[in-house]
Amino acid sequence: MQEPTDETLEPLYPIDISKLKKRQAENESEKKKEASFVNLKASRTGQALFRDLKKTMNQVIRWSNNDILINNSVRIVDPYRAEHVSIDTPSHSANTANAKLSAKGDNDTKTHIIKLVDKFWLDQSKLSSNTDTNSNTRNKSTDSTSKV
């Protein structure tokens, strides 16, 4: 075995420090943005629903106190079920035609949100039933081995 000499080492690639700093700044800003989506006053279920909706409605979702607000027009209030999805009425409208178009868009958004909320609750019930089934199966196998 022979010790490598400086001549046998491969040269390092140049590091672009400005590129690394830019990437770090972008990552920090993204993490701060994600932290702003946390609402410590909302329930765990509300937080989970918010995260789930955020995957689909990334740019248009935010907290308004403990309510989830989408497009500044569709609101979901605690306990965050489909029947708790409503349309916020606008304070005033400049034009009746624009108001009708906006109302149709809001209704379409509301319908879409209701479907997403229903899917969220369906997934939650599947998760809890799987957890219950797994714990029951574990308990039965423990019981059967203890009887032997």
Side-chain angles (χ1 to χ4, degrees), residues 9-148:
L9 295 176
E10 293 291 317
L12 295 176
Y13 292 100
I15 298 174
D16 188 350
I17 299 295
S18 64
K19 197 181 232 183
L20 289 175
K21 286 183 179 181
K22 180 182 175 193
R23 189 181 303 165
Q24 179 185 11
E26 288 170 355
N27 287 340
E28 285 175 2
S29 104
E30 183 63 29
K31 294 298 178 190
K32 286 178 184 177
K33 188 171 142 187
E34 286 177 21
S36 73
F37 293 132
V38 175
N39 182 353
L40 298 176
K41 295 177 183 176
S43 67
R44 283 185 174 199
T45 306
Q47 293 285 348
L49 176 61
F50 186 93
R51 280 191 306 273
D52 210 44
L53 290 172
K54 187 175 177 330
K55 292 175 188 174
T56 307
M57 316 291 286
N58 187 26
Q59 300 297 320
V60 295
I61 185 170
R62 67 181 178 87
W63 286 103
S64 173
N65 295 321
N66 286 347
D67 302 343
I68 299 172
L69 194 60
I70 299 114
N71 274 354
N72 289 325
S73 62
V74 179
R75 183 177 299 271
I76 309 171
V77 297
D78 195 9
Y80 310 107
R81 297 274 183 180
E83 57 270 16
H84 298 105
V85 176
S86 63
I87 297 176
D88 276 2
T89 53
S91 55
H92 66 282
S93 68
N95 181 332
T96 334
N98 285 343
K100 286 180 183 177
L101 275 175
S102 176
K104 183 186 180 332
D106 292 346
N107 279 327
D108 292 346
T109 302
K110 179 183 175 187
T111 303
H112 182 65
I113 297 301
I114 288 172
K115 288 177 184 176
L116 293 173
V117 170
D118 283 337
K119 182 184 179 311
F120 169 81
W121 284 106
L122 182 65
D123 292 347
Q124 292 296 308
S125 66
K126 284 179 184 176
L127 281 175
S128 66
S129 68
N130 284 344
T131 305
D132 293 343
T133 304
N134 290 339
S135 65
N136 287 341
T137 306
R138 231 179 288 124
N139 289 341
K140 287 178 184 176
S141 66
T142 307
D143 291 346
S144 63
T145 56
S146 62
K147 290 177 184 176
V148 174

NZ-CG distance between K126 and L122, expressed to the nearest 0.5 angstrom: 4.5 Å
Distance-minimising heavy-atom pair for Y80 and L49: CB-CD2, 3.6 Å
Residue among E26, E28, E34, K32 satisfying side-chain contact (heavy atoms from CB on, under 4.5 Å) with E30: E34
Separation between CG of L116 and OG1 of T111, rounded to the nearest 0.5 Å: 11.0 Å
Heavy-atom pair of closest approach, residues S43 and D78: OG-OD1, 4.4 Å
Criterion side-chain contact (heavy atoms from CB on, under 4.5 Å) against W121, the qualifying member of D118, D123, V117: V117
Option among I61, D67, L69, I113 that satisfies the side-chain contact (heavy atoms from CB on, under 4.5 Å) test with I76: I113
Atom pair CE (M57) and CG (D52), whose distance is rounded to the nearest 0.5 Å: 12.0 Å
Pairwise distance CG(N71) to CZ(R62) - rounded to 0.5 angstrom: 11.0 Å
Shortest non-hydrogen contact between R75 and D88, atoms and distance: NH2-OD2, 2.8 Å
Over 12 foreign heavy atoms within 6.0 Å of CG, N65: no
K110 and D106 ion-paired at < 4.0 Å: no
Nearest non-hydrogen partners of S18 and D16, listed with the distance: OG-OD1, 2.7 Å
Side-chain heavy-atom pair H112, T56 within 4.5 angstrom cut-off: yes
Nearest heavy atoms of I68 and W63, plus distance in Å: CG1-CZ3, 3.6 Å
Whether over 12 other heavy atoms sit under 6.0 Å from I15 CD1: no
